[in-house]
Amino acid sequence: MYQLLSQHGAARRGVFHTPHGDIQMPAFMNVATAGAIKGAVSALDLKRLKCQVQLCNTYHLHLRPGDDVVRKLGGLHRFTRWEGPILTDSGGFQVFSLAKLRNIKEEGVTFASHVDGHRIFMGPEQSMRIQSNLGSTIAMAFDECIENPAEYRYVKQSCERTVRWLYRCKEEMNRLNALPDTINPRQMLFGINQGSTYEDLRIHQMRQIRELDLDGYAIGGLAVGESTEEMYRIIEAVTPEMPKDRPRYLMGVGTPVNILEAVRRGVDLFDCVMPARNARHGHAFTWQGIRNMMNAKYTLDESPLDPECDCPVCQNFTRAYIHHLFKSGEMLAMRLCVIHNLYFYNTLLEKVRNSMDSGEFDAFASRYIPVLGNRI
Ligand SMILES: [Zn+2]
């Protein structure tokens with residue numbers, strides 16, 4: 001259940017109650033693709049990094065180790081040792097972006113595994129069964145994620161199919177939750193808004209899916225080829241159509257600036273591989289902007305990665321040391337940088353919430369939007 005605590009223009013401060021604990025919103029979800037954050041970071045680390053929600057990927061876990069295996073091991077919470085809320089995606093995004101030779105029909109999608117090429121069928125029911133086996137807190141509806149730009153007629157047809165798929169998802173989820181041996185009988189379901197960059201399709205589809213009275217709603221199909229301005233325009237068009245008493249999740253977005261801009265437009269929940277992925281390439285997000293730790297100017301720099309950061313890395317290590325680890329190809333370089341970046345993202349959202357609680361969100365956003373994207 002989502003509780004709206006305060007509103008700041010279109011921006012929202014709220015709390016989402018789940019069977020695995022409360023999520024203070026706006027919030028950032030930390031992406032643990034195959035049950036681990038890439039960069040050798042575990043659930044034990046996440047507890048120290050202000051992480052509230054872990055996100056795991058249905059497609060990857062279905063291929064390896066197999067959702068039946070995770071189920072036998074008690075579900076994702078027991079398997080990964082993360083006790084808080086977990087969101088699983090539907091597998092749709094990976095099926096459409098990673099898998100080869102896919103064939104879409106009304107029933108679902110047949111595709112070849114990117115691991116060994118074997119043929120797999122996934123439709124709404126399969127996605128719900130896999131997510132039920134994983135036992136996540138929040139399951140995402142199975143949808144088609146279309147890359148931008150896309151042809152209007154195709155997007156319209158695809159959106160209509162995604163709505164039909166959503167009805168099937170809901171029915172299957174209700175059936176699975178009622179089974180006596182379900183790992184999480186209170187598993188929640190979020191629907192996904194699609195419609196590419198066409199406002200009329202986005203709004204029409206949102207109005208259709210909000211009729212289903214789901215636990216939350218996501219905006220999908222953004223940050224997949226369109227410009228940042230187009231993305232903001234679509235968010236602005238869709239959020240007024242989203243139920244006020246449900247969380248709003250913008251999928252796969254984005255940079256710290258993207259997140260602040262989307263919060264301003266009424267989004268509550270985010271996920272992105274960027275903090276971990278960029279960290280593995282030596283890019284650190286800081287309160288002064290983005291630092292490239294490969295840069296030779298850090299060779300003798302004894303200051304912390306970010307002097308304004310309280311994370312375990314900034315409290316202990318110097319820029320010189322982290323620079324050396326990257327130059328030497330040490331695994332620790334990635335781990336330390338990922339820890340810092342996740343802490344930074346989780347702290348960014350914490351500061352957003354605090355600024356709302358003290359009535360200073362606009363000032364906070366105006367202060368940091370011009371700074372956080374700078375390369376320094
Ligand atoms: Zn730090």
Side-chain angles (χ1 to χ4, degrees), residues 58-59 87-99 101-111 120-131 138-176 188-226 230-231 233-244 246-253 266-267:
T58 289
Y59 170 86
L87 182 142
T88 43
D89 67 355
S90 69
F93 181 78
Q94 282 75 21
V95 167
F96 291 102
S97 62
L98 287 181
L101 305 165
R102 57 189 159 76
N103 179 13
I104 314 169
K105 289 195 172 137
E106 186 62 30
E107 298 75 24
V109 190
T110 309
F111 60 95
I120 303 170
F121 174 78
M122 199 187 283
E125 291 79 12
Q126 287 72 22
S127 174
M128 293 303 109
R129 285 169 208 160
I130 297 168
Q131 294 184 74
I138 302 163
M140 295 302 300
F142 188 72
D143 65 333
E144 181 183 2
C145 179
I146 308 164
E147 258 182 56
N148 297 319
E151 196 208 335
Y152 187 90
R153 262 187 50 202
Y154 183 82
V155 176
K156 190 163 186 282
Q157 284 174 11
S158 165
C159 280
E160 285 163 5
R161 185 171 49 213
T162 288
V163 173
R164 291 193 296 274
W165 282 357
L166 182 56
Y167 277 89
R168 285 165 54 188
C169 286
K170 187 184 177 186
E171 203 181 318
E172 183 64 5
M173 177 72 23
N174 287 342
R175 187 187 73 81
L176 292 162
M188 296 167 148
L189 176 64
F190 280 19
I192 305 177
N193 174 252
Q194 292 286 351
S196 185
T197 51
Y198 304 108
E199 284 174 33
D200 60 327
L201 295 182
R202 286 273 177 188
I203 290 170
H204 177 67
Q205 199 260 11
M206 190 61 235
R207 288 177 181 167
Q208 286 180 302
I209 66 175
R210 86 182 170 201
E211 294 297 312
L212 278 90
D213 194 27
L214 300 171
D215 301 294
Y217 289 90
I219 307 173
L222 290 179
V224 285
E226 80 288 355
E230 279 183 300
M231 175 171 83
R233 175 174 59 80
I234 293 300
I235 297 168
E236 239 163 72
V238 173
T239 44
E241 303 295 330
M242 303 179 88
K244 288 196 176 6
R246 296 290 188 278
R248 304 162 175 180
Y249 162 29
L250 177 59
M251 302 179 81
V253 177
V267 175

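Note: hydrogens, waters and symmetry copies are ignored here, and every other heavy atom, side chains too, is used.
- Between K170 and L189 the shortest heavy-atom distance is CA-CD2, 3.6 Å.
- Residue pairs that meet the ring pair (Phe, Tyr, Trp, His ring centres under 6.0 Å) test with at least one member in residues 198-219, sequence neighbours left out, are Y152-Y198.
- The backbone N or O of G92 sits nowhere less than 3.5 Å from a side-chain atom of D143 that would complete a donor-acceptor pair.
- Side chains of V109 and E144 form no contact here, defined as non-hydrogen atoms less than 4.5 Å apart.
- Ion pair K156/E160 flagged as a salt bridge, since at least one NZ, NE, NH1 or NH2 atom sits closer than 4.0 Å to an Asp/Glu carboxylate oxygen.
- Considering CG of L87 and OH of Y249, their distance stands at 5.5 Å, rounded to 0.5 Å.
- In this structure, the separation between SG on C145 and CZ on F93 is 5.5 Å, given to the nearest 0.5 Å.
- The structure places OG1 of T162 at 6.5 Å from CD of Q205, a figure rounded to the nearest 0.5 Å.
- R175 places none of its side-chain heavy atoms less than 4.5 Å from the side chain of M128.
- Taking each heavy atom of I192 and A141 in turn, the nearest pair found is CD1-O, 3.4 Å.
- Rounded to the nearest 0.5 angstrom, T239 OG1 and N193 CG are separated by 10.5 Å.
- Closest heavy-atom contact between A139 and M173: CB-CE, 4.0 Å.
- Checked by atom type and distance alone, the side chain of S158 never pairs as donor or acceptor with a backbone atom of Y154 at under 3.5 Å.
- You'll find the side chain of I219 reaches within 4.5 Å of the side chain of R202, heavy atoms only.
- Sorted by first and then second residue, the salt bridge (charged side-chain N to carboxylate O under 4.0 Å, His left out) pairs with a member in residues 204-221 read R207-E241, R210-E241, D213-R246; sequence neighbours excluded.
- The side chain to side chain donor-acceptor pair (under 3.5 Å) check on S196 picks up N148, with sequence neighbours excluded.
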Yes or no on side chain to side chain contact (heavy atoms under 4.5 Å, CB included) for R248 and V238, after CA distance, side-chain angles and deciding distance?
CA-CA 10 Å; R248 304 162 175 180; V238 173; over 6 Å; no

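- One finds no salt bridge joining E171 and R168 here, because no Lys/Arg side-chain nitrogen approaches an Asp/Glu carboxylate oxygen to under 4.0 Å.
- Between L166 atom CG and I209 atom CD1 the span is 6.0 Å, to the nearest 0.5 Å.
- Side-chain N/O atoms of Q131 and T88 include a donor and acceptor closer than 3.5 Å.
- Counting all heavy atoms, side chain and backbone alike, I130 lies closest to M122 at CD1-CE, 3.8 Å.
- Separating the CZ atom in R102 from the OG1 atom in T110 is a distance of 12.0 Å, to the nearest 0.5 Å.
- Of all heavy-atom pairs between A150 and V155, the closest is CB-CG2, 3.5 Å.
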Worked check of salt bridge (charged side-chain N to carboxylate O under 4.0 Å, His left out) between E230 and R233
CA-CA 5 Å; E230 279 183 300; R233 175 174 59 80; 3.7 Å; yes

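- Of the possible donor and acceptor atoms, none in the side chain of E172 sits under 3.5 Å from a partner among the backbone N and O of R129.
- Looking at W165, its side chain never comes within 3.5 Å of a backbone N or O of E125 through a donor-acceptor pair.
- When all heavy atoms of F190 and P247 are compared, the closest pair comes out as CZ-CG, 3.7 Å.
- Checking side-chain atoms of S90 against main-chain N and O of S127 turns up no donor-acceptor pair under 3.5 Å.
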